[in-house]
Amino acid sequence: MLRMSTLFLRTLRDDPADAEVPSHRLLVRAGYIRRIAAGIYSWLPLGVITLRNIENVVRQEMDAAGFQEVHFPAMLPREPYEQTNRWTEYGPDLFRLQDRKGTDYLLGPTHEEMFTLMVKGEYSSYKDLPLSLYQIQTKYRDEARPRSGIIRGREFVMKDSYSFDLTDEGLVESYQRHRAAYVKTFDRLGMKYNIVSAVAGAMGGSSSEEFLAPCPTGEDTYVLCPQCGYAANVEAMTTKVSAADASSVGALEVFDSPNTPTIDSLVELLNTKFGGGYTGASTLKNVMLMADTTAISVLVPGDREVDLKRLQANMAGVNEIRVFEEADFAKFPGLVKGYIGPQDAKKNGITVYADPRIAPGTSWVTGANAKDKHALNVVNGRDFEVDHYIEAAQIREGDSCPSCDTAVVIDRAIEIGHIFQLGRKYADALNLTVLDQNGKSQVVTMGSYGIGVSRAVAAIAEQTHDEIGLSWPVEVAPAKVHLVVAGKDDSLFDAAEKLASDLESRSVSVMLDDRRGTSPGVKFKDAELIGIPIIVVVGKALEQGNVEVRVRKSGEKSEIAVALAVDEIVKTLATLK
RNA sequence: CGGGGCGUAGCGUAGUGGCUAGCGCGCCUGCUUUGGGAGCAGGAGAUCGGGAGUUCGAAUCUCCCCGCCCCGACCA
C-alpha cells in the first residue's frame, strides 16, 4: 500500500518551464520523473512503479510466447562492435568511454552483437533452433537532439529481442510470433496503435513493421487508408502509377522562358504562352543531389518537394544525401542552374532517379539545359531515360492508397515498437553458424524486435491524459485505487484504513491519502493529477455509511455502502481497460 | 550542426546601472480551518549558471565559457 503521508512525492502546482509536451509536463508535475540533464531523467517512486508495471506486462507476454530473458551489461567492450563495423558506423550517437588503461568501451545503444555472440558461445546445432532471447535493459544513445521529456531520451529502457533460425521460412515464423506477442502486449497496456510498414533501411533486413501510437506530439508521420486499413510510415509509402501512352504527344519543343526561377513563375508563363490548364504538377522538377560521392538527379512533379528522408530510407547503401552546392555545380558545367532537364543527364554523367509519378510515357514541361529556356512535351522513355525509380516525392494527405486507391490520411505517432527481419548480417560478421542435418555449416538468420519501455510511459500518458492530469490504464497505473480521506475525523481515517486493507486482500493495490491537515481540495487535485483509475472518497457520505467511487477517466461518480464497496470496485475495475 | 529563445530560492516568476534582490507556490512554528489547490501571525531558504572585464557602484553593460528548451538537419 502506498501512503501519501510518507510517500516520497511532491506534486507541483505550476507547469515546469522546460516541459512542453503533455506527457513531460504531467509526469514532472505529478512527481513521476525529474530531469537530470538533457534527455536524462530520474524516476521517483510513482514513476518507478509505473515503469515496472509496463516492464512486467512486456515480460509476461515475452515469456508467454516462449522467449527467454537474459541480461547484458550496459557497458560493453569495443571489439564486437569493431567486427560488425558499428564502432565506426554508429558515429557520434555512440557513447564511448575508456577505462584506466585507455581501453575503449561503449554504452550499448542496442545489443545485436552481444546476443549473436552469446548464442554462438552456447549453440552449434540446427537442433537448438529456433531460439528467441530478450532482455529489458537501459540503452544509451547520444542523440543529436533529445526531446519531449522521456519520448526521446539519451538514456532509455528498451526491451530488445532477437530470434535465431536456420532458414528464411523459420525467420518469417519467428517474426510472426513476435508480432503476435507485441499485439497482446500493447493491447494489455491499453494503447491505441497502428502497425505500419516501415523501411528496413541500412540494417539490410527485408520485412519491417513499426508499432505506432498515434498522438499529435509524435515525431513519426505515417499514412493510413480509411478504406482498406493500409498503413505505412511515410518513408515506406509506395506510389502506384501506371504507364501512360505518349504516342499522341507532339515532339519535344524548346521555348524561351526568361525570369522563371520558380515553378510558380514557370506555370504562369506557360498559361500565358500556351493557354490555360498548366499547374505545378505539369512540370518536372530536377533536384540535384550528392549521394555520398555520386552526383544524382531526382525527378519529382513540380508541385512536390523531394522528401530527403524518404529518399534516403529507400536508397540502400547510401550513407549521406545532401543537396548540390555551388562547388558541385562547378564540377558539372553542363548543368544550367534553374533550367535543368533530364534530357542530357547521360551526357553530363548524372544518374537519374525518378519518383514513380514520373511514369514511363508521361509528358512534362522541364528545363532545356540552357539559360532562360524550358522544353515542352518531354516524354519519359522518348526524350529521357530513367536509371532507377525510387520513392522520393513528399507524401500528402489525399494521395492514393497503393492497395485500393482511396485517399489516405496522414497522422503523427510515437514509435513504440519495431520488428524486423534482420537476416544474416550480424551472423555473417560474427560468424554465427550451426551444423545442419547434413553436417554442413550454415549461417543463422536473425530477427530483431524492440519495444521502447520507458517511451511507452510517455506514449501512454500522451494518449490518456486530459486537461486536469494523467489518467492511466489499469495495468499501468501505480495503484488501482486512490483512496482519499476527506475530513479530519478519526472515524474517516479508520474506515479508510479498513477499506484499503480489504481491497489489498483482494489484490487491488491502493494508494491511501492519509495526510492529516491537508485540505480535501488539495487531495482531490492531487488524485486527478496522479491519474490512478479509481478514486474513492471517504468523507461526509460516511454518515450514511457510504463512500464515493469516482472513475478518473469518465468522471462518473456513485455512492456505495461501505460494506459493498470492495465488490463494486473490483467489478468496476474489470470493466476498465 | 544551423536558426530562435532562456538561465534569479525546491517550483513558477518580478526586477534594463543605485538602498538589505521582490512576489506566488512549496517548506518550518503557532492558532484557526477541513468536500475542490484554506486564513492569520511569525520564520528558514539565493555563489542572481560560471569566469573575466567596464564602473564610485553590476542580476542589469561587454567578452568568453557552460547548461537548458523549441524548430530544422540527424535519429535500426
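Here is how names work: the chains are called A, B, and so on, in the same order as the sequence lines, proteins then strands, and each is numbered from 1. Hydrogens, waters and symmetry mates play no part in the numbers below; they use all other heavy atoms, side chains included. Note that this is a predicted model, so its numbers are computed, not measured.
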Novice: What I want to check is whether an N or O donor and acceptor connect the side chain of A:Glu528 with the base of B:G37 at under 3.5 Å.
Specialist: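 No.
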Novice: Who does B:G30 pair with, Watson-Crick or G-U, both distances under 3.5 Å?
Specialist: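 B:G30 is paired, partner B:C40.
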Novice: From the options B:C68, B:U13, B:C70, select the nucleotide whose nearest atom is closest to the side chain of A:Ala37.
Specialist: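 Among B:C68, B:U13, B:C70, the one nearest the side chain of A:Ala37 is B:C68.
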Novice: Can you tell me which nucleotide in B:G36, B:A76, B:U34 comes closest to the side chain of A:His418?
Specialist: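 Given the options B:G36, B:A76, B:U34, the side chain of A:His418 is closest to B:A76.
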Novice: From the list B:A76, B:A73, B:C70, which nucleotide is the closest neighbour of the side chain of A:Ala144?
Specialist: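 So the side chain of A:Ala144 is nearest to B:A73.
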Novice: Any idea which of B:C75, B:C69, B:G37 is nearest the A:Arg35 side chain?
Specialist: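 Nucleotide nearest to A:Arg35's side chain: B:C69.
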Novice: Who is the Watson-Crick or G-U wobble partner of B:G67, with both distances under 3.5 Å?
Specialist: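 Checking every strand shown, B:G67 finds its partner in B:C6, with both distances under 3.5 Å.
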Novice: Closest approach to the side chain of A:Arg550, judged atom by atom: which nucleotide of B:G36, B:C68, B:C70 is it?
Specialist: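 Closest nucleotide among those given: B:G36.
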Novice: Using atom CD of A:Glu305 as one end and atom P of B:G72 as the other, report the distance to the nearest whole Å.
Specialist: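 From A:Glu305 CD to B:G72 P: 16 Å.
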Novice: Among B:A76, B:A38, B:C27, which is the nearest nucleotide to the side chain of A:Arg10?
Specialist: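 Selected nucleotide: B:C27.
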Novice: Is there a donor-acceptor contact under 3.5 Å linking the side chains of A:Ser163 and A:Tyr449?
Specialist: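 There is such a pair between these side chains.
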Novice: I want to verify a distance call: between B:C68, B:C75, B:G36, whose nearest atom is closest to the A:Lys525 side chain?
Specialist: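 Shortest atom-to-atom distance from the side chain points to B:G36.
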Novice: Report the C-alpha distance between A:Tyr162 and A:Leu133 in whole Å, list the side-chain angles of each, state the deciding distance to 0.1 Å, and finish with yes or no for side chain to side chain contact (heavy atoms under 4.5 Å, CB included).
Specialist: CA-CA 6 Å; A:Tyr162 304 86; A:Leu133 300 175; 5.7 Å; no
Novice: Indicate whether the side chain of A:Tyr134 and that of A:Asp160 have a donor and an acceptor atom separated by less than 3.5 Å.
Specialist: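 There is no such pair (donor and acceptor under 3.5 Å, judged by atom type) between the side chains of A:Tyr134 and A:Asp160.
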Novice: Partner lookup for B:C1, please. Criteria are Watson-Crick or G-U wobble with both distances under 3.5 angstrom; report none if nothing qualifies.
Specialist: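 Matched B:C1 with B:G72 under the 3.5 Å cut-off.
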Novice: Can you tell me which nucleotide in B:U34, B:A76, B:C27 comes closest to the side chain of A:Thr110?
Specialist: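 Selected nucleotide (nearest to the side chain): B:A76.
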Novice: Which nucleotide sits closest to the side chain of A:Arg145: B:A38, B:G35, B:C70?
Specialist: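 So the nucleotide nearest the side chain must be B:C70.
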Novice: Any strand counts, and the cut-off is 3.5 Å on both contacts for Watson-Crick or G-U wobble. Which nucleotide pairs with B:U55?
Specialist: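 No nucleotide pairs with B:U55.
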Novice: Classify the nucleic acid contact of A:Glu548 as base, sugar-phosphate or nothing, counting any heavy atom under 4.0 Å across all strands shown.
Specialist: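 The residue A:Glu548 makes base contact.
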Novice: What is the distance from NE2 of A:His24 to P of B:C69, rounded to the nearest Å?
Specialist: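 These atoms are roughly 8 Å apart.
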Novice: In plain terms, say whether A:Arg412 and A:Glu219 are close enough for a salt bridge, that is, a side-chain N and a carboxylate O under 4.0 Å apart.
Specialist: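 Salt bridge: no.
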Novice: Could you identify the nucleotide paired to B:G22, looking across every strand shown and requiring Watson-Crick or G-U wobble geometry with both distances under 3.5 Å?
Specialist: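 B:G22 is paired with B:U13.
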Novice: For the base of B:G12, is there a side-chain donor-acceptor partner from A:Arg25 under 3.5 Å away?
Specialist: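 Absent.
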Novice: Would you mind telling me which of B:A76, B:C68, B:G37 lies closest to the side-chain atoms of A:Met158?
Specialist: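 The nucleotide sitting nearest to the side chain is B:A76.
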